2 protein chains.
Amino acid sequence: MDDVAAHAGVSRALVSLVMRDSPRVSDHSRKKVLASANELGYRPNAWARNLASGQTNTIGVMLNDLHNPYFTELAEGVAATAAENGMEVLITSGWQRESGEHAAIDTLLNLRTDGIVIGAARFSGEVFDEVAQQLPAVAVANFQRPDSMDTVCNDEAHGAELVVEHLTSLGHDRIAHIDAGNAPGAPERRRGFMSAMSERGLAPIVFEGDFNEHAGRDAAEQLMRLKQPPTAIFAANDLSATGVLAHLRSIDARVPEDVAVVGYDDTLLAGLGTLSLTTVHQPRQLFGQRATELLLERIKGRTAAKHELIQPRLVVRSSTGPAPT
Amino acid sequence: MDDVAAHAGVSRALVSLVMRDSPRVSDHSRKKVLASANELGYRPNAWARNLASGQTNTIGVMLNDLHNPYFTELAEGVAATAAENGMEVLITSGWQRESGEHAAIDTLLNLRTDGIVIGAARFSGEVFDEVAQQLPAVAVANFQRPDSMDTVCNDEAHGAELVVEHLTSLGHDRIAHIDAGNAPGAPERRRGFMSAMSERGLAPIVFEGDFNEHAGRDAAEQLMRLKQPPTAIFAANDLSATGVLAHLRSIDARVPEDVAVVGYDDTLLAGLGTLSLTTVHQPRQLFGQRATELLLERIKGRTAAKHELIQPRLVVRSSTGPAPT
DNA sequence: CAGAAAATGTAGAGCGCTCTATACACGCGC
DNA sequence: GCGCGTGTATAGAGCGCTCTACATTTTCTG
C-alpha cells in the first residue's frame, strides 16, 4: 500500500480510502490510485484489513456434509443473500464426522467471521450455546432449537401431512409409511404421518427403514406380503422410494395403478422420467436466504432468538393416482 | 492475549508460544497458560496471527459448482490430505456463474491462503496465469493445461477406450456414442471413443447429445430408428444413460439382451438397483489428494509445472452383456 | 470578498498477533 | 571461579491495513 501511495504521489490513507470505495475521494485521485494499484499488481491484504477494521464482511457457513444437496443448496441460498448485502461467504465442511464438524466450526470461530450459519445437527446443545456466545449464529435444519441462536427448519410434519392429504383425496385408505428411524428429520416425518392419518380416522401403518434404496426395497417386500397390502406407500425419502419402485417392478405391480408411491425431498431422482416420483419439495435455497436474513439482523444487534418454520409443498408426478377400486 | 498473560503471570510472548504448541515452553508454564486461556475463553485471532506470521496454514479451494458431486468429492480429497498435513481448508464457490468464479477466486487471493486448488474450468488461460503468479495454485479437471500452474486431470479418453474394449470383448461391433458437445470433458470422451473404435477397425457412430436425461432419450430414439440400430450405446454420462434406458424401456427393448448401455461418472444413479448401469468410475477423491500433494510441493518451492493424468476404471453392472447373435 | 460549510487529503496511533534478538538461570567440566 | 552450553522466558519491532482527528483546499453564500 505504501508503494502504491508513493507511486501515485499520495498518502497511504488515501489509497486505503480508494480501496474501500469511499465517496470521500475525488475522481481524479481515485483514477490515479487505481492506475498505480493496477500497475503494481496491488491487492489489499484481507488479513490486515479485517484485523484493523475489526470486521470481516464475511459470513461463515459450516456444513455437515458437502455431498448432501440439502446443504449445498442451503449454502447457495446463503451466498445469494450475502452477495445482495455485499458480504462474502466462506464454507467449511465437517465431512460427516463429528470431529470434522468441530474443526470446521473452530476454523470459523478463529476467523471471527461476522456471523455463522450452521447447517448441521450433530452438535450437542452446549456446543450451540458456546458458538452463539462467541458470534452471531443461526442453525438450519436443526431440530433441537437451542434458544441461544436463531433456527430455520423445514416443517417436516406438514410435508408428511400433505402426502396423506394427497393420497386420501385420491381414495387411498391403506397407506403405509417407511420411516428412517432417528435419522435427522425422520421422526418428524413419522409423527406428521401418524397424526395426519389418525385425524382422518385411518390406521397408520409404519415400517422401519432408512434413508437409502436398500431399506426401501426391503420394507416394500414385507409390505407387499401382508394379507392386505397397502395401496399407497409413503417412503422416507426419494432414495428409499426408488427401492420401493424397484421391488414393485420386480413383482410386476403397476405404479400407480396397483400401488401409489410417494418420496420426500424432490431430489434429482424424483424428476427422472423413469421414476417420475410424487414427492415433497423443500425450498432449500429459501432456508439459506432466511438464515442469512436472520443472521444479518443478529449482526445488527437483535438478541432475542427467532425460530422459523418453512413450509414444504407437494410435487405431484406420475407415481401416484386414484386408489384401485 | 495480554489478558491471558496477565492472568497467568507471564509475558505475552510466552502465551504466544503456548498457543503455537512450541516445544520451548516448560510443562509448568504451559499448563498455567492453558488454564488461564480456558478460564478467560481466549481464542487466538486468526487474522492477527496470519498477518503477523505471513502464512495462513490454509488451502483455499475454489469450486465452480457445489452441486456437482465431482467437485465436492474433489474438495473432500483436498480436505483429507490437507488435514494430514496439518492444514485447514476454506471453500468458495462460483455458483456456476463466471462472475461468481471471479469473486470466489478474488476472495481467496485477498485471503492469500498458502495455496489454491481450482476446481473449475471456465476461466481463460490468462486468468490462470494471473492467479498462478500471485499464489501457488493447481487446477483440477481443467483441460487447458496452463503452464503457469500444475494440473490434475482425469484421462477421459482412456475411460472411453475402456468402454469400447469392454463392449467389443462382449462381441458388440455396432456401438454408438451419445456425446455432450463441448461441455467440459465431453470432447475428450468423444475423441477417445472414436480412436478406440477405429483402432479396432469399427465405424464410430456418434450422435449429438448433452449431459442430461432428455438428450439421452432423444438420441436413443433416433438411434433405435436407424435401419441397423446399434447393439450398444455409450452415453455421455450416467444421466444421459438414464434417458437412454427410459427410451429403451418405452419401446420394450431389453437391456442388456437387445441393447447394452454404458454411462460415465459412476454417480449415485448408476448404482441404483433399478438402473444398475455399467459406467466409468473416476477416483475423484484421489484428484483432490494429488492436487493437494502437488500444491504442497509448490508451497515448498517447486516451480516447474507438473501435469498429472489420473486413470479411470470400468465398473461393470448389469446394463451390459453379450451382443445379440 | 469575508467567512462558513463542504469536499478532500493526511498523520499517526493502533488492531492482535509473531518472531528475532536477547536475558537469565542453571549445571557442567576444567 | 570461569566460560560454556542448554533450557526458558521476555522485550519490542513489525505485519499491512483502518480510522479518528485534524489540516488543507474548494465552493457557496449574502
Side-chain angles (χ1 to χ4, degrees), chain A residues 1-37 40-58 86-88 106-114 134-135, chain B residues 1-37 40-58 86-88 106-114 134-135:
Chain A
M1 195 176 232
D2 273 322
D3 294 346
V4 176
H7 187 274
V10 298
S11 71
R12 205 183 61 251
L14 219 212
V15 177
S16 171
L17 288 175
V18 171
M19 297 322 286
R20 282 177 287 150
D21 263 338
S22 161
R24 288 183 32 184
V25 181
S26 68
D27 264 10
H28 175 72
S29 312
R30 184 185 308 278
K31 277 205 199 92
K32 212 167 46 179
V33 169
L34 253 21
S36 298
L40 300 182
Y42 170 77
R43 166 186 293 284
N45 180 319
W47 307 102
R49 167 178 288 193
N50 296 340
L51 175 59
S53 69
Q55 51 157 47
T56 64
N57 217 28
T58 299
M87 305 197 79
E88 288 175 353
D106 268 349
T107 300
L108 255 23
L109 288 174
N110 287 344
L111 238 30
R112 288 160 164 75
T113 53
D114 293 350
Q134 300 185 47
L135 288 181
Chain B
M1 197 177 231
D2 274 324
D3 294 346
V4 176
H7 188 272
V10 298
S11 71
R12 205 183 60 249
L14 219 214
V15 177
S16 171
L17 288 174
V18 171
M19 298 322 285
R20 281 178 289 150
D21 263 338
S22 161
R24 290 182 28 187
V25 181
S26 67
D27 263 10
H28 176 72
S29 310
R30 186 186 305 279
K31 276 205 198 92
K32 212 168 46 178
V33 169
L34 252 22
S36 298
L40 299 182
Y42 169 76
R43 168 186 291 283
N45 179 319
W47 308 101
R49 166 177 289 193
N50 296 340
L51 175 60
S53 70
Q55 52 158 46
T56 63
N57 218 27
T58 300
M87 305 197 78
E88 289 176 351
D106 268 349
T107 301
L108 255 23
L109 288 175
N110 288 345
L111 239 30
R112 287 159 165 74
T113 53
D114 293 350
Q134 300 184 48
L135 288 181

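What you see is a predicted model, and the numbers here were worked out from it, not measured in a lab. What you see below is based on every heavy atom in this structure, not just the backbone, and it leaves out hydrogens, waters and symmetry mates. Throughout, a chain's letter reflects where its sequence line sits, starting with A, and its residues are numbered from 1.
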Can you tell me if [X] uses its side chain to pair, donor with acceptor, with the backbone of [Y] under 3.5 Å?
X        : Y        : value
Asp2(B)  : Arg12(B) : no
Asn57(A) : Gly86(A) : yes
Ser36(B) : Lys32(B) : yes
Arg30(B) : Ser22(B) : yes

When you check the phosphate oxygens OP1 and OP2 of [N], does a side-chain N or O of [X] lie under 4.0 Å from one of them?
X        : N       : value
Ser16(A) : dT18(D) : yes
Ser53(A) : dT18(D) : no
Arg20(B) : dT18(C) : yes
Ser26(A) : dG9(C)  : yes

Name the closest nucleotide to the [X] side chain, picking from [options].
X        : options                   : answer
Leu51(B) : dC15(D), dA11(C), dC17(D) : dC15(D)
Tyr42(B) : dA11(C), dA9(D), dC17(C)  : dC17(C)
Ala13(B) : dT10(D), dG9(C), dT18(D)  : dT10(D)

Whole angstroms only, please: what is the [atom1]-[atom2] distance between [X] and [N]?
X         : N       : atom1 : atom2 : value
Trp47(A)  : dG14(C) : CH2   : P     : 25 Å
Leu40(A)  : dG16(D) : CG    : P     : 15 Å
Arg24(A)  : dT26(D) : CZ    : P     : 17 Å
Leu17(B)  : dT20(C) : CG    : P     : 11 Å
Arg112(A) : dC15(C) : CZ    : C1'   : 12 Å
Asn45(A)  : dC17(C) : CG    : C1'   : 13 Å
Leu14(B)  : dT18(C) : CG    : C1'   : 14 Å
Met1(A)   : dG12(C) : CE    : P     : 17 Å

Pair of N/O donor and acceptor under 3.5 Å linking dG16(D) base with Arg49(A) side chain: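 When only heavy-atom distances are counted, Arg49(A) does not reach the base of dG16(D) through any donor-acceptor pair under 3.5 Å.
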
Side-chain-base donor-acceptor pair under 3.5 Å for Arg12(B) and dT18(C): yes

Whichever of Met19(A) and Ala52(B) has its nearest DNA chain D nucleotide further upstream toward 5': Ala52(B)

Flag side-chain contact, heavy atom, 4.5 Å: Tyr42(B) against Leu34(B): no

